[in-house]
Amino acid sequence: MKYWLIKSEPDAWSWSSQVKEGSSMWDGVRNYQARNNLKKMKKNDLCFFYHSVTERSIIGIVKVVKEYYPDPTDKTGRFVVVDVKAIKKLQNPVSLDQIKKNNKLKDIALVKQSRLSVMPLAKKEWNEIINMSLNSSNSND
DNA sequence: GCCAACGTTGGC
DNA sequence: GCCAACGTTGGC
């Protein structure tokens, strides 16, 4: 079981779209590093769903329900998608600000590589973010 | 194969 | 809305 974080601009594809659709393709990735991460995803891996730009918060959790296959929206045939399904919304969204302030999370790609849209998370980083989502008063650590 | 130019992303 | 950072493209 691996853990990931995937980003979307809520204007393009939001958490509520994901919930409404249930299981759906995670398409539109046009970056090789992100694609390579998609290819490493296994069925039942979990991903944080992050809203970029307007909200800059992790809002929910999705599960990989189908491993990678070619992205039908990509005419070059170079990129892939996975299918993901909304599992649950976080009790409290975890904002980019909170993540940046958390010393245990200072090395995650979300902070260091702000443009990467699909990134792996270590289990302890995953757990740390889960903890933060359970505790809205968690501003410092 | 290098690198300048360009386009895109995403934080601010 | 701006712009820095970064990835990609294409000319050489």
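Naming: A, B, ... by sequence-line order, numbering from 1 per chain. Computed from a predicted model, the values in this text were never measured in an experiment.
Hydrophobic clustering (side-chain heavy atoms under 4.5 Å, transitive across Ile, Leu, Val, Met, Phe, Trp, Tyr) groups A:Val118 together with A:Val84.
Rounded to whole Å, atom C1' of B:dG10 lies 17 Å from atom CD1 of A:Ile6. The CD-P distance, from A:Gln113 to C:dA5, rounds to 14 Å in whole Å. One atom, NE2 of A:His51, and another, P of B:dG10, lie 13 Å apart when rounded to the nearest Å. A straight line from CZ of A:Phe79 to C1' of C:dT8 spans 9 Å, rounded to a whole angstrom. Note: CG (A:Asp97) to C1' (B:dG10) measures 14 Å, nearest angstrom. Put simply, CD on A:Gln33 is 15 Å from P on B:dT9, counting in whole angstrom units. One interatomic measurement links the two molecules: CG of A:Leu5 to P of B:dG10, which rounds to 11 Å at whole-angstrom precision. Rounded to whole Å, the distance from CG on A:Leu116 to P on B:dT8 is 18 Å.
Between A:Lys7 and B:dT8 there is no side-chain N or O to OP1 or OP2 distance below 4.0 Å.
Of the candidate nucleotides C:dT8, C:dT9, B:dG10, C:dT8 has the atom nearest to the side chain of A:Asn31. Residue A:Arg115 has its side chain nearest to C:dA5 when only C:dT9, B:dG11, C:dA5 are considered. Listed nucleotides B:dG10, B:dG11, C:dT8 differ in distance to A:Tyr32; the shortest reach to its side chain belongs to C:dT8.
Map A:Val53 and A:Lys112 each onto its nearest nucleotide of DNA chain C; the residue landing nearer the 5' end is A:Val53.
Between A:Asp97 and A:Arg56 there is no salt bridge, since no side-chain nitrogen of the basic residue lies less than 4.0 Å from a carboxylate oxygen of the acidic one.
Results of the ring pair (Phe, Tyr, Trp, His ring centres under 6.0 Å) test with A:Phe79 over A:Trp26, A:Tyr68, A:Tyr32 single out A:Tyr32 as the only residue that passes.
In this structure the side chain of A:Trp4 never reaches within 4.5 angstrom of the side chain of A:Trp126, judged on heavy atoms.
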